[in-house]
Trainee: 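Got a structure here, written out as structure tokens. Questions coming.
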Amino acid sequence: MPLAGILTILIAGCSKADIGPLTPAAEIKDCTHKIINTPEHSAENSLLLSFEQAPGEAVMDSLRACGIVSLERLFESVPGNEANEKEFGLEKWYKAGLDASAAVEKVAERASKLSAVSLVEYDMLFEKASDGISYPYTGPYSPETRATGSLFNDPLLGDQWNYKNGGKKTVSQDCYAGADINVYDVWASLTAGDNSIIVAVVDEGVKYTHPDLAPNMWTDANGKHGYNFVDAGGELSWDKEGDTGHGTHCAGVIAAVNNNGVGISGVAGGSGNGDGVKIMSCQIYSGNGGGTASTIARAIKYAADHGASIISCSFGYTGGAFKSDGSYKKYCGVEYEALHYFESRQNNKAVSGGIAIFASGNDALPYATYPGALADVISVSAFGPDYLPTYYTNYGPGCNVVAPGGEYYHRSSSGGVSGTSMILSTVPSEISKADYAYMQGTSMACPHVSGIAALALSYALKLGHTYTLDEFKQMIVTSTNDFETRLNAVGTKTLLNGKTLQLYNYRNMMGEGSIDAWKLMMKIEGIPSIVVKAGEEQFVDISSYFGTASINLTYLGVEVLGNGTESLGLDTQPYMKYGKLVIHPTKSGACKVRITAVGGGSELGGEDSIGGMKVSQDISIISRNLKSRNGGWL
């Protein structure tokens, strides 16, 4: 079914020999400065043109003479959104189809000389932020593989080290406890999702019939689960020659259905009660086609117009194509305006605009690729199960946070290469011969952050909290754990493919640190978090909660809330001594504790005595395998 509202104009076919002088209706000028980018890494059969006025018949004749055989409005116009579309100039853009024998550079040059044409943009090509290689899940598929202590019954959850990593050597010999997103305790006591939140996966088509995705797929009034912006008719596909299962894999990380007794768990996949966030498939790759600026711009606008609060984008331009926000904005007008349009749309009550999350890229370059490198979107780098940068990840300027991306070349418990050190998620069985497979890339890191952002929106809605878009994005990128201490301690990293990473190159280059789902939920609550080290008894300074006089207060007790005793492995209950919290966690986890003291005296006031009031503070405790250099406050 074609998108409603798209105007398509077919211009009479012509051969290269037919392309003659421009018609008198067109004013000829030397206007090659209107061409805002270059043909390198662009589609050969299309151009993007901007017009101040909708082109009439005379302009059509001139375009034909340039070698253009079809013209269509680039963006669907949605009733009620016209003012917003005009604000971002979306109504001005058209996609031009070229004569098969015409050279794209020559057509662009000729079109730029038409007075009716404001801008000419080559239809640039993007790259997926993954090698596209998947390794089918071959382990035992039985309830016995369920993660110990998990509240969900998904049988493969125990193989998802990226959610809770206890340092199991069955993942890899260098697996590091705490190399995860710290989401279990969020599921257990705070939220697992909200089905009013929609996350658009801008990628290959998502297999919406997958048994672990189908209940969490978004559906429109016509029963569609998204739109294919590559193939005529718009029907989603995932099993053409050249497809890799990339989009389905990313979708599973975000919202595979939780607690359904099937397969894996998704970060925001719900609790098994129909409360998982919804996945919208915005297909920009199909087989060996797609991935152009025009395809992506359309997909992003579609997501905005159809209710998506988050776009998860595991793609980008070739590393180094742009080196500044200014150059990107200058040369990539179509998608930049579509991104800003998406950010302007408020599709849920909790945040004032749309949240764009991108993979940083797999070029091993010291900067992120665009569009993710833009200052107003979130770019995600990747770490492996060793809690170190992966060999492929981009890092440095433009990279905001780091998340699990998986890494193939780790040594398994048997001594060979460990495929389980990658990210396990859903894939189309038509491609991989299984419903689940391992993949690696910043492509896999990106949907972890998208899923955590969706959880945060779910929790904000639950608590009735609202934020501006900037406030919400800043909470995401600062809800992180220390990454530098591990880098400094290890020094070098050598993989089974012979690749050695000098880790000093990554110091202070991995954004704000590793994303932490619990910490973001605490920011939604308004509670800062203290990080403590697992395996040690420690005295924790709480003066930021009780003031500088905290050492002299009389404390009435410490209560561990929820399932915190189990989560942190507390063999002894925390207590107060010398005005500090004494705690001894034995494993990684997160919880809240409530500390109660007397404010104003050594005893509580009452009917028969004068004294102080009862004061309590809830404190978030995060136990990890290492402690940040600033003493734990984040």
Side-chain angles (χ1 to χ4, degrees), residues 32-50 68 71-75 88-90 92-98 102-109 111-112 117-130 202-204 229-230 242 246 282-302 311 313-342 356 358-363 365 367-374 377 379 394 398 442-443:
T32 53
H33 65 276
K34 294 180 184 178
I35 304 174
I36 64 174
N37 56 2
T38 67
E40 187 179 7
H41 303 301
S42 69
E44 297 180 353
N45 60 352
S46 64
L47 281 172
L48 306 177
L49 306 178
S50 178
I68 292 172
L71 193 71
E72 63 176 353
R73 290 191 189 275
L74 183 60
F75 297 108
F88 293 96
L90 301 187
K92 298 178 181 180
W93 285 100
Y94 288 71
K95 183 176 181 179
L98 276 56
V104 65
E105 298 96 328
K106 181 60 69 175
V107 176
E109 181 180 352
S112 72
V117 175
S118 301
L119 296 172
V120 178
E121 181 177 330
Y122 289 101
D123 203 359
M124 299 280 284
L125 290 166
F126 286 77
E127 295 180 345
K128 300 171 193 173
S130 170
V202 186
D203 208 298
E204 286 185 7
F229 293 89
V230 183
H246 193 269
C282 293
Q283 186 172 353
I284 60 169
Y285 294 99
S286 179
N288 293 312
T292 62
S294 59
T295 305
I296 290 160
R298 281 176 166 172
I300 291 172
K301 183 177 186 296
Y302 179 94
I311 51 173
C313 304
S314 291
F315 59 84
Y317 282 117
T318 302
F322 304 102
K323 293 290 185 67
S324 71
D325 286 15
S327 63
Y328 171 79
K329 294 173 185 178
K330 179 179 179 181
Y331 298 126
C332 302
V334 164
E335 79 227 31
Y336 181 64
E337 295 301 347
L339 268 171
H340 270 204
Y341 177 83
F342 173 78
F358 280 80
S360 72
N362 296 339
D363 309 288
L365 291 171
Y367 44 79
T369 60
Y370 281 88
L374 283 167
V377 303
S379 177
N394 289 351
T442 55
S443 279

Trainee: Could I get the full list of side chain to side chain contact (heavy atoms under 4.5 Å, CB included) partners for Gln283, not counting sequence neighbours?
Mentor: Asn228, Leu236, Ser237, Ser286
Trainee: Could you tell me the separation between the OH atom of Tyr122 and the CD1 atom of Ile35, rounded to the nearest 0.5 Å?
Mentor: 5.0 Å
Trainee: Applying salt bridge (charged side-chain N to carboxylate O under 4.0 Å, His left out), can you list everything that pairs with Lys301, at least two apart in sequence or on another chain?
Mentor: Glu85, Asp305
Trainee: Just jot down the side chain to side chain contact (heavy atoms under 4.5 Å, CB included) partners of Ser50, sequence neighbours excluded, or say none.
Mentor: Lys92, Trp93, Ser118, Leu119
Trainee: Where is the tightest heavy-atom contact between Thr369 and Gly316, given as atom of each residue plus distance?
Mentor: OG1-CA, 4.2 Å
Trainee: State which residues pass side chain to side chain contact (heavy atoms under 4.5 Å, CB included) with Leu374; sequence neighbours excluded, sorted by chain then number.
Mentor: Asp325, Tyr328, Lys329, Tyr336, Leu339, Tyr370, Pro371, Asp376, Val377
Trainee: Verify side chain to side chain contact (heavy atoms under 4.5 Å, CB included) between Thr442 and Asn394, making sure each step is shown before the conclusion.
Mentor: CA-CA 8 Å; Thr442 55; Asn394 289 351; 5.9 Å; no
Trainee: Distance check, rounded to the nearest 0.5 Å: Leu47 atom CG versus Ile68 atom CD1?
Mentor: 6.0 Å
Trainee: Which pair of non-hydrogen atoms, one from Asp203 and one from Ser314, has the smallest distance, and what is that distance?
Mentor: OD2-CB, 3.8 Å
Trainee: Check the pair His246 / Ser443 against side-chain hydrogen bond (donor to acceptor under 3.5 Å, both in side chains), numbers first and verdict last.
Mentor: CA-CA 8 Å; His246 193 269; Ser443 279; 2.7 Å; yes
Trainee: For the atom pair OG1 (Thr292) and NZ (Lys95), what is the distance rounded to the nearest 0.5 Å?
Mentor: 5.0 Å
Trainee: Show the nearest heavy-atom pair for residues Ser294 and Leu74, with the distance to one decimal.
Mentor: CB-CD1, 3.7 Å
Trainee: Of all heavy-atom pairs between Gly372 and Ser379, which one has the smallest distance, and what is that distance?
Mentor: O-CB, 3.2 Å
Trainee: Ignoring hydrogens, what is the shortest heavy-atom contact between Ala43 and Val104? Give both atom names and the distance.
Mentor: O-CG2, 4.3 Å
Trainee: Distance-only, no hydrogens or angles: does the Glu121 side chain make a donor-acceptor pair with backbone N or O of Leu48 under 3.5 Å?
Mentor: no
Trainee: Run the side chain to side chain contact (heavy atoms under 4.5 Å, CB included) check on Phe75 and Tyr341 step by step: do they pass?
Mentor: CA-CA 12 Å; Phe75 297 108; Tyr341 177 83; over 6 Å; no
Trainee: In Å and rounded to the nearest 0.5 Å, what is the CG to CD distance from Leu125 to Glu40?
Mentor: 11.0 Å
Trainee: Taking atom OH of Tyr331 as the centre, report whether more than 12 heavy atoms of other residues, nucleotides or ligands fall under 6.0 Å from it.
Mentor: no
Trainee: In a check of salt bridge (charged side-chain N to carboxylate O under 4.0 Å, His left out) between Arg298 and each of Glu335, Glu337, Glu72, which one passes?
Mentor: Glu72
Trainee: Quick check: closest heavy atoms across Phe342 and Ala356, and the distance to 0.1 Å?
Mentor: CE2-N, 4.1 Å
Trainee: With sequence neighbours excluded, tell me which residues meet side chain to side chain contact (heavy atoms under 4.5 Å, CB included) with Glu44.
Mentor: none
Trainee: Does Tyr317 have any ring pair (Phe, Tyr, Trp, His ring centres under 6.0 Å) partners at least two apart in sequence or in another chain, and if so, which?
Mentor: Phe126, Phe322
Trainee: Could you measure the distance from the OG1 atom of Thr295 to the OH atom of Tyr285? Nearest 0.5 Å is fine.
Mentor: 9.5 Å
Trainee: How far does CG of Asn37 sit from OG of Ser327, to the nearest 0.5 angstrom?
Mentor: 11.5 Å
Trainee: Taking Ala293's backbone N and O only, do any of them form a donor-acceptor pair with Asp123's side chain (distance below 3.5 Å, no angle check)?
Mentor: yes
